[in-house]
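Quick note on labels: first sequence line is chain A, next is B, and so on, each numbered from 1. What you see is a predicted model; the values in this text were computed from it and never measured.
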Amino acid sequence: MAKYKIADVVFEINAHHDFFIEMAKKYICDNSFSAEFNATVTEEEIKREKNAPNGKVYTDAFAESLAVYRKISSYLIDFKDGFLFHASAVSVDNRGVLFTAHSGTGKSTHARLWQELLGDRFLYVNDDKPVIREINGEFFVYGTPWSGKHKLDNDIKVKIEAVAKIQRSEKNFVNLLDKKEAIALFMEQSLRFPEKDRTVKYLQIISRFLNSVNTFVINCNTYIEAGKIAVKQILGETV
Amino acid sequence: MKIKDGFVLQEVAGTHIAVAVGKRVKEFNGLIKLNDTCVFLWKILEKGSTEEELVTALLNEYDVDRERAKNDVKTFLKKLKEKNLIE
């Protein structure tokens, strides 16, 4: 029996494949904790994840990690006011910033610029799929095992201060992101469930979320100057 | 006519949106942004209504002339038909 603490929830997950065990080892907790939810997935659930959106077929091991991710997400939305969001989440002196974008736009590349500029003050929360949770009216981002190909994640929890959409541009400048546009982003980039009650709950959570954090658009190239301008506008600091 | 089953209307951070739920997600995966007039019309059309009834409802609720109301209803219905949301 294996137990993992992810987003402050203890899950029992008995994985069949080493792939998940390896990626989740930072989150393992000892058996004295009692699991709130058994997120072990069935063969059937693994099978359902095998077909990739681009027409490829995933390995069973990879499909298992996706099935677990979906199962955990269902528990988070039902009982923990939480959801998985596709973003690169970073912490600077314990201030949480989420970079989001359409796939391939370069949110990870931008996060790396911040790391270069901020050094030890910078920590990755999760470079691909962090969890966001609402706790007593405040929003926090958590590291999770699903952190993309570079495995950049830490088992930490940080209060979210800002969300920034990355857009490629020759010139570097930061704008406020209109809340209407932010809604579209949150509909596209999160793991959602089709059920009505879960959809309504999700919309209620992101409504409160968007009212409590700052939302920006970072128009940027991939040079260090882009990071300097974004840090200045979002954190109010000159680096 | 009527709005198809399987949509929820919700206010998110000051904006009214409609999204598909359940089986409907497969055919409609986006979101529809609605202004106040559209929300008003949407709620009526959820239960089923004719174009003329929608115009009358607008005239009773808002301080607009018939021409404007007719136009608003037309535009609204056109938008929904384009997205194939009406049956």
Side-chain angles (χ1 to χ4, degrees), chain A residues 48 51 53-54 70 73-74 77-78 81 83 85-86 98 100 102-103 132 134 137-139 160-165 176-217, chain B residues 1-49 58 61-62 64 71-87:
Chain A
R48 259 183 257 149
N51 295 318
N54 61 7
R70 194 175 300 276
S73 297
S74 70
I77 191 70
D78 288 346
D81 299 326
F83 57 93
F85 186 60
H86 185 208
L98 306 182
T100 171
H102 298 291
S103 286
I132 296 174
E134 181 181 20
E138 294 188 319
F139 287 86
I160 303 169
E161 193 169 303
V163 176
K165 179 184 180 181
L176 290 178
L177 175 68
D178 181 69
K179 299 281 174 191
K180 282 184 189 167
E181 248 192 88
I183 297 168
L185 201 61
F186 272 81
M187 296 305 288
E188 286 162 21
Q189 302 292 330
S190 74
L191 178 70
R192 287 197 292 130
F193 293 91
E195 292 85 3
K196 185 179 177 180
D197 52 345
R198 285 173 169 167
T199 303
V200 170
K201 198 163 175 194
Y202 176 68
L203 293 174
Q204 288 167 341
I205 294 170
I206 62 162
S207 180
R208 293 189 293 270
F209 179 71
L210 292 175
N211 282 329
S212 77
V213 300
N214 297 316
T215 52
F216 299 95
V217 186
Chain B
M1 68 192 137
K2 145 181 202 305
I3 289 171
K4 288 180 180 174
D5 288 339
F7 286 93
V8 293
L9 185 66
Q10 193 73 28
E11 193 227 298
V12 178
T15 302
H16 290 275
I17 62 163
V19 296
V21 294
K23 290 190 183 116
R24 195 66 71 189
V25 172
K26 283 200 180 109
E27 38 180 290
F28 188 85
N29 199 20
L31 67 120
I32 308 141
K33 290 168 198 157
L34 302 163
N35 64 22
D36 287 347
T37 314
C38 291
V39 170
F40 176 74
L41 294 173
W42 178 284
K43 284 179 178 164
I44 298 167
L45 202 53
E46 258 179 343
K47 297 179 195 106
S49 159
L58 260 195
E61 181 73 17
Y62 294 94
V64 287
N71 264 328
D72 284 356
V73 169
K74 252 197 177 60
T75 312
F76 173 68
L77 290 176
K78 189 166 169 256
K79 186 172 157 187
L80 297 192
K81 280 174 187 159
E82 273 169 9
K83 293 178 189 291
N84 195 22
L85 303 183
I86 293 182
E87 59 186 9

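At a 4.5 Å heavy-atom cutoff, the contact between A/Arg192 and chain B is made by side-chain atoms alone.
Highest contact tally toward chain B, considering only A/Lys179, A/Gln204, A/Lys196, A/Arg198, is held by A/Lys196 [criterion: heavy-atom pairs under 4.5 Å]. Heavy-atom pairs under 4.5 Å with chain A peak, among B/Ala13, B/Gly14, B/Ala20, B/Gly30, at B/Ala13.
Annotation: B/Lys33, atom NZ; neighbour count of heavy atoms from other residues, nucleotides and ligands within 6.0 Å is above 12.
Side-chain rings of A/Phe186 and A/Phe85 approach one another, their centers coming within less than 6.0 Å.
Between A/Ile160 and A/Phe209 there is a side-chain heavy-atom pair separated by less than 4.5 Å.
Between B/Lys2 and B/Glu46, none of the side-chain N atoms (NZ, or NE/NH1/NH2) sits under 4.0 Å from a carboxylate O, so this pair counts as no salt bridge.
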